[in-house]
Amino acid sequence: MSGILSFSSIVLPDWCSTSRRGVRMAAARTTHAGLSLEAMAIKPPSHPTYDLKGIIKLALAEDAGNRGDVTCMATIPVDMEVEACFLAKEDGIIAGIALAEMVFQEVDPPLKVEWSRKDGEYVCKGLQFGKVYGRAHSIVVAERIALNFMQRMSGIATLTKAMADAAYPAYILETRKTAPGLRLVDKWAVLIGGGRNHRLGLFDMVLIKDNHISIAGGISNALRSVDQYLERGNLQMEVEVETRTLAEVKEVLQYASQMKTSLTRIMLDNMVIPLPNGDVDVSMLKEAVELINGKFETEASGNVTLKTVHKIGQTGVTYISSGALTHSVTALDISLKIDTELALEVGRRTKRA
C-alpha cells in the first residue's frame with residue numbers, strides 16, 4: 001500500500017544487531033515524573049490553543065470511566081511499590097518519552113522514571129530502555145495511556161527518519177492528515193523523527209488549494225484575494241499556492257512578476273507520475289522546479305513513498321510532503337513489564353523480543 005512501511009525495511013545502526021536481550025541502563029537519567037518544556041530533548045510545536053495536558057486527562061478519563069481501574073483495585077494492594085521496565089519489541093526511533101513522563105505526572109507525581117534513551121534515538125528489539133518506580137496501582141493505570149502515545153509517536157518518528165534520510169537534500173514534511181485531537185502529538189513525533197512541520201492548522205499559514213482556486217475563479221484571482229486580505233489586515237504570514245500543471249506554475253510566476261505578492265511557496269501537486277514498473281517519472285516535477293528557478297520555495301506532493309522519495313528529493317525541490325507519515329502510521333511495538341525476564345522469554349518464543 002502506498003505510504004505504508006514495514007519497520008523491518010528500515011536500516012538501523014550496526015550496534016542494534018549486537019544484542020537482542022535487555023541491556024544495562026548505562027548513563028540513565030532519573031527524574032520525578034513530569035518534564036518541563038525546557039528539559040525536553042525536542043520540544044513540541046507551539047500552538048496557541050492546544051492543551052496537551054488536557055489531551056492526557058481526556059485519555060485517562062476515557063479509560064477510567066465512572067469507576068476507575070476495577071482490576072487494579074481488586075488485585076493490587078494500595079501501598080505496594082514496584083519497578084516496571086519499558087521494553088522495545090521492534091527496532092525503531094523512540095518518541096513520546098517526554099509525553100509518557102507527563103502521563104505519569106498526571107496519574108501520580110511521586111512516580112520516578114529512568115531512561116537510557118532520549119526522544120529521537122534508536123532502540124533495538126529486546127532493549128530495556130526505561131524504568132518507572134513507585135506505587136504499583138498508579139503505574140498500571142498509567143501504563144496503557146503512556147504506551148499508546150509512545151507507540152504511535154515512535155511509529156511516526158521511525159517512518160519520518162527513514163523518509164527524511166532518503167529525501168535529502170529536500171526536507172520532509174507531514175500534512176494536516178493527523179488523528180483528530182492528536183494534531184500536536186503527531187506533528188511533535190515528526191520533529192522527533194527528523195522531519196519538519198507543515199502548517200499546524202488553518203490559522204498559521206495561507207494555503208491556496210484546488211477548491212479555493214475553483215471557487216475564486218482561477219489561480220490569479222485567488223492569489224490577488226489573499227494579497228488584498230493580508231494587506232487589509234496588516235497580516236504577515238507564509239503563503240503557499242497549489243499548482244497541478246506547468247501552465248498553472250507559469251500563471252503563478254506571471255502574476256508574481258506583475259504584482260506585489262506575499263507568496264512564499266509553490267506546491268507542485270501530483271507531478272510525480274507512477275510508471276507500470278513501479279518506478280516514477282519526475283521529469284514534470286523537475287521542469288516545474290527549473291521554471292521557478294529559486295524565486296519561491298517549492299513543495300512536491302503526491303505519490304510520495306519510501307521507495308520514491310529519494311528520486312523526488314533529487315529534483316531540486318525544497319520540501320516533500322507526505323500525508324502517510326501520520327495517516328497510515330504503524331505503531332512501534334513497546335511494552336511496560338514488571339516481570340521483564342518472563343516478558344523476554346515470551347517475546348523470544350513469539351519472536352517479538
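Only this structure's heavy atoms are used, side chains among them; waters, hydrogens and symmetry mates stay out.
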Please identify each residue that fulfils side chain to side chain donor-acceptor pair (under 3.5 Å) with D63, with sequence neighbours left out.
-> none
Between the side chains of T318 and T298, does any donor sit under 3.5 Å from an acceptor?
-> yes
How far apart are the closest heavy atoms of S116 and Q128, and which atoms are they?
-> OG-O, 3.9 Å
For the residue pair V249 and L268, establish whether any side-chain heavy-atom pair is separated by less than 4.5 Å.
-> yes
Residue list, side chain to side chain donor-acceptor pair (under 3.5 Å) with D210, at least two apart or on another chain = none
Do the side chains of R224 and Y255 get nearer than 4.5 Å, heavy atoms only?
-> yes
Take E101 and W115 through the side-chain contact (heavy atoms from CB on, under 4.5 Å) test and state the conclusion after the steps.
-> CA-CA 11 Å; E101 290 201 19; W115 307 100; 2.6 Å; yes
Side chain to side chain donor-acceptor pair (under 3.5 Å) pairs, two or more places apart, involving residues 230-246 | H198-E240, K209-E242, R244-E248
Review item, side-chain donor-acceptor pairs of residues 139-147, under 3.5 Å, at least two apart:
from, atom 1, to, atom 2, distance (Å)
R144, NH1, N148, OD1, 3.1
R144, NH1, Q151, OE1, 3.3

Any donor-acceptor N/O pair, R152 side chain to L332 backbone, under 3.5 Å = no
Do M284 and I320 sit in the same hydrophobic cluster, where Ile, Leu, Val, Met, Phe, Trp and Tyr count as joined when their side-chain heavy atoms come under 4.5 Å apart?
-> yes
Can you check whether G218's main-chain N or O pairs, donor with acceptor, with E251's side chain at less than 3.5 Å?
-> no
Sort and list the pairs that fulfil salt bridge (charged side-chain N to carboxylate O under 4.0 Å, His left out) and have at least one residue in residues 316-328, not counting sequence neighbours.
-> none
Heavy-atom distance under 4.5 Å between the side chains of M153 and V185, does that happen here?
-> yes
Who are the side chain to side chain contact (heavy atoms under 4.5 Å, CB included) partners of E287, not counting sequence neighbours?
-> L246
Look at the side-chain heavy atoms of Ile, Leu, Val, Met, Phe, Trp and Tyr, link any pair under 4.5 Å apart, and say whether I208 and L235 land in one connected group.
-> yes
Which distance, rounded to the nearest 0.5 Å, do you find between the CG of L111 and the CD of E81?
-> 9.0 Å
Close side-chain approach of L99 and I56, heavy atoms under 4.5 Å | yes
Show your reasoning for whether side-chain contact (heavy atoms from CB on, under 4.5 Å) applies to V113 and F104.
-> CA-CA 9 Å; V113 289; F104 291 125; 3.8 Å; yes
Does a side-chain heavy-atom distance below 4.5 Å link V132 with E83?
-> no
Return each pair, listed once, that meets salt bridge (charged side-chain N to carboxylate O under 4.0 Å, His left out) where at least one residue sits in residues 297-307; pairs must be two or more places apart or across chains.
-> R265-E297, R265-E299
Note: F203 and L200 closest approach over all heavy atoms is CZ-CB, 4.0 Å
For K118, does its backbone N or O pair with a side-chain atom of E121 as donor and acceptor, under 3.5 Å?
-> yes
For residues L291 and K250, report the shortest heavy-atom separation together with the two atoms involved.
-> CD1-CE, 4.0 Å
With sequence neighbours excluded, what pairs up with T264 under the side chain to side chain donor-acceptor pair (under 3.5 Å) test?
-> none
Keeping the roles fixed (side chain from K187, backbone from R199), state whether a donor-acceptor pair exists under 3.5 Å.
-> yes
In terms of heavy-atom contacts, does OH of Y50 have more than 12 from other residues, nucleotides or ligands at under 6.0 Å?
-> yes
Acceptor/donor pairs from residues 69-80 side chains to any protein atom, 3.5 angstrom cut, sequence neighbours excluded:
from, atom 1, to, atom 2, distance (Å)
D69, OD1, T71, N, 3.1
D69, OD1, C72, N, 3.0
T75, OG1, T71, O, 2.8

Atom pair OG/CG of S322 and L159 - distance to nearest 0.5 Å = 6.5 Å
How many angstroms lie between CD1 in I156 and CG in D186, if you round to the nearest 0.5 Å?
-> 3.5 Å
Work out which heavy atom in D119 is nearest to a heavy atom in A98; give both atom names and the distance.
-> OD2-N, 3.3 Å
Side chains of T158 and E90 in contact at under 4.5 Å (non-hydrogen atoms) = no
Without hydrogens or angle criteria, can the side chains of S138 and D108 be said to hold a donor-acceptor pair below 3.5 Å?
-> yes
Output for pair (I219 CD1, I266 CD1), nearest 0.5 Å, gives 8.0 Å
S154 versus I334: any side-chain heavy-atom pair under 4.5 Å?
-> yes
Working for side chain to side chain donor-acceptor pair (under 3.5 Å), residues E174 and S321 | CA-CA 5 Å; E174 85 297 83; S321 56; over 6 Å; no
S262 (side chain) donor-acceptor with L230 (main chain) under 3.5 angstrom = no
From I172 CD1 over to Y319 OH, what is the distance, rounded to the nearest 0.5 angstrom?
-> 12.0 Å
For T160 and G195, the nearest pair of non-hydrogen atoms, with its separation, is CG2-N, 3.4 Å
Under the salt bridge (charged side-chain N to carboxylate O under 4.0 Å, His left out) test, residues paired with D227 that sit two or more places apart | none
Heavy-atom pair with the smallest gap, counting every atom of N270 and I273 | O-CD1, 3.9 Å
Can you check whether I94 reaches F86 side chain to side chain, under 4.5 Å on heavy atoms?
-> no
In sequence, state the C-alpha distance, the side-chain angles, and the governing distance for T326 and V190, and then conclude on side-chain contact (heavy atoms from CB on, under 4.5 Å).
-> CA-CA 8 Å; T326 55; V190 168; 4.3 Å; yes
Does K57 have any side chain to side chain donor-acceptor pair (under 3.5 Å) partners at least two apart in sequence or in another chain, and if so, which?
-> none
Check the hydrophobic clustering (I, L, V, M, F, W, Y; side-chain heavy atoms under 4.5 Å; chains of links allowed) and say if V289 and V304 are grouped together.
-> yes
Please test V82 against Y133 for side-chain contact (heavy atoms from CB on, under 4.5 Å), starting from the C-alpha separation and ending with a verdict.
-> CA-CA 6 Å; V82 296; Y133 312 83; over 6 Å; no
Calculate, to the nearest 0.5 Å, the distance between atoms OG1 and CE belonging to T315 and M271 respectively.
-> 11.0 Å
Distance-only criterion, 3.5 Å: show the donor-acceptor pairs between side-chain atoms of residues 274-282 and protein atoms not counting sequence neighbours.
from, atom 1, to, atom 2, distance (Å)
N277, OD1, D279, N, 2.9
D279, OD1, K311, NZ, 3.4
D279, OD2, K311, NZ, 3.1
D281, OD1, S283, N, 2.9
D281, OD1, S283, OG, 2.7
D281, OD2, S283, OG, 3.4

